[in-house]
Amino acid sequence: MQMTDLIAKKRDGGVLSTEEIDFMIQGYTRGEIPDYQMSAMCMAILLRGMDDRETLDMTMSMMHSGETLDLSPIQGVKADKHSTGGVGDKTSLVLCPMVAAAGLKIAKMSGRGLGHTGGTIDKLESFPGFTTAISEETFFDNVNRIGIAIMGQTADLVPADKKIYALRDVTGTVPSIPLIVSSIMSKKLASGADVIVLDVKCGDGAFMKTEEDARTLAKGLTRIGRLAGRKCAAVITDMDQPLGWAVGNAVEVKEAIAVLKGEQQGDLLELCLTLGGCMLAEAGYEPGIEAARERMLKTIADGSALRKLAEMVEAQGGDPAAVYDTSILPDAKVKIPVPAAEGGYVKRIHAERVGLVSMHLGGGRATKESDIDLSVGVVLAKKVGDKVEPGESLGTIHASSKEKAEQAAALLRDCFEFSAEPVERPAFIKDIIR
Ligand code: URA
């Protein structure tokens, strides 16, 4: 088999066989196929597409390019969730304890963030002593004992994706649905869960800018998940403004705790109830999303979701007292409000730019090696549809110095657009694909 023939076949609209796809993925992972040939193939796939069988074959071949996690030592149904990434996305911090308190096992692998804020792991490290660098044995033991564990991604999971994604990033081939689906699903399948729920964001702060693209991706992801034998659902959600109020690390943990305490309603809670609803329903633990929502709301009302977070923090070396007393969490030296220069109704909050404000403050990573400041970030005071009087606060900057805070305040003001007319609040949950 020759890679040049496969490139030409796809270029001309052909359908690659299972053997051809495996030859290409394994050969590229082993370094036998050069970058320039794989780049040409990625472009041919972007232009010509792949059918479901090809996408499934590519996903499975990528999944088997490295280690896979066998979750069979964990009893019961295991669930995992993936988000395509948004600004202020602290969903896992609320969803995972809530679903675990409702009785479904959460065995989750998470990553560190590159960009506006940290990833789930960075955020969780706001708990003094907390670590996700736990052994597989501890991971299995914790899930069996308390129903939840979050582990850092192992180096050997889907090496094919690391190589192919790096190539796509510099060859204009990121926005290909079959390439995105195989990239995301190979990693999710390798992580071993029986139930996979996907949060597909759409809008300004998201990877998929339009609802139509987000729906196409969500359908592709769930189809491939099901074809691979897993229970799979996706929720399409708005990312035209940040999720919830806080953007940063410790500030997001504090917000997640407020939701788990029942002190905060709104988009974040709504999203977690919907994703959790899909998880419990797909697992067969509840007949439908409505019944599952009721079950999860009870875990907030009776304090069991918050206790589950404290149990997880303690089981992974962190101080569980910080769940009940958030003053123990990292706190910024300087906090300043950002008064609105004009009045009106908030028409838009550019999510991506708010993320960049957090990054400017030191809350995100520009490169894999950068350190992040867990204490800094932004806490919004207004969301789309809210009325604002001139001089009223749009949000609070949490910074390490007055100078950085003032620079960030000017940047945050530029994230807002106003209308003289009332603005309808956008529908947050756009669709559920089950
Ligand atoms: N996230 C991934 O993991 N892979 C993609 O291709 C796009 C987003």
Side-chain angles (χ1 to χ4, degrees), residues 21 24-25 28-29 35 38-39 41-47 49-50 54-63 65-66 68-69 80-87 89 91-92 108-121 152-193 196-210 213-225 228 230 232 234-237 239 351-352 355 364-365 368:
I21 289 172
M24 151 182 116
I25 297 297
Y28 183 59
T29 309
D35 284 352
M38 195 64 196
S39 306
M41 177 58 91
C42 287
M43 186 56 82
I45 293 171
L46 180 134
L47 296 172
M50 272 183 153
E54 289 176 292
T55 310
L56 178 64
D57 285 341
M58 178 137 168
T59 307
M60 300 310 276
S61 184
M62 286 171 70
M63 167 184 159
S65 66
T68 58
L69 203 58
D80 191 2
K81 142 291 156 175
H82 177 80
S83 159
T84 57
V87 179
D89 192 354
T91 312
S92 293
K108 180 157 175 52
M109 271 205 182
S110 278
R112 290 188 187 277
L114 187 61
H116 339 108
T117 61
T120 301
I121 291 185
Q153 238 150 47
T154 66
D156 309 338
L157 203 78
V158 195
D161 181 60
K162 293 194 185 77
K163 283 192 81 176
I164 297 172
Y165 195 87
L167 205 58
R168 287 167 56 210
D169 216 16
V170 292
T171 56
T173 52
V174 169
S176 149
I177 297 284
L179 293 180
I180 300 172
V181 168
S182 53
S183 164
I184 293 176
M185 292 312 288
S186 58
K187 289 175 285 195
K188 284 289 116 181
L189 297 175
S191 304
I196 301 167
V197 171
L198 300 138
D199 177 10
V200 180
K201 314 275 193 195
C202 77
D204 174 61
F207 192 63
M208 293 283 123
K209 303 291 178 204
T210 68
D213 286 349
R215 188 166 289 108
T216 308
L217 177 60
K219 287 186 172 164
L221 292 165
T222 49
R223 263 201 320 272
I224 295 304
R230 311 291 171 94
C232 219
V235 180
I236 299 172
T237 58
M239 197 25 81
E352 197 155 11
R365 276 190 192 85
K368 272 194 278 189

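Atom set for the values below is all heavy atoms of this structure, side chains included, hydrogens, waters and symmetry mates excluded. Since we're looking at a predicted model, the values are computed, not measured. Just follow the structure's listing: the first ligand is 1, and inside any ligand the first atom is 1.
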Closer than 4.0 Å to some heavy atom of I184 - which atoms of ligand 1 meet that? 1 (N), 2 (C), 3 (O), 4 (N)
Does any N or O atom in Y165 lie less than 3.5 angstrom from one in ligand 1, N or O only? no
Taking side chain as C-beta onward, heavy atoms only, is K163 less than 4.5 Å from Y28? yes
Do I236 and M208 come within less than 4.5 Å of each other through their side chains, counting heavy atoms only? no
Which atom names give the shortest non-hydrogen contact between K81 and S92, and what distance separates them? NZ-OG, 3.1 Å
Run the contact test for I180 against ligand 1 with a 4.0 Å cut-off on heavy atoms, strictly below, and give the result. yes
F207 side chain near V174 side chain, heavy-atom distance below 4.5 Å: yes
Side-chain heavy-atom pair M41, I45 within 4.5 angstrom cut-off: yes
Could you tell me the residue and atom name of the protein heavy atom closest to atom 3 (O) of ligand 1, and the distance to it rounded to 0.1 Å? K187 NZ, 2.5 Å
Below 3.5 angstrom, do we get any N/O pair linking S183 and ligand 1? yes
Is there side-chain contact between R215 and K219, with at least one heavy-atom pair below 4.5 Å? yes
Numbered atoms and elements of ligand 1 in range of F207, under 4.0 angstrom, heavy atoms: 7 (C), 8 (C)
Please indicate whether any nitrogen or oxygen in D161 is less than 3.5 Å from any nitrogen or oxygen in ligand 1. no
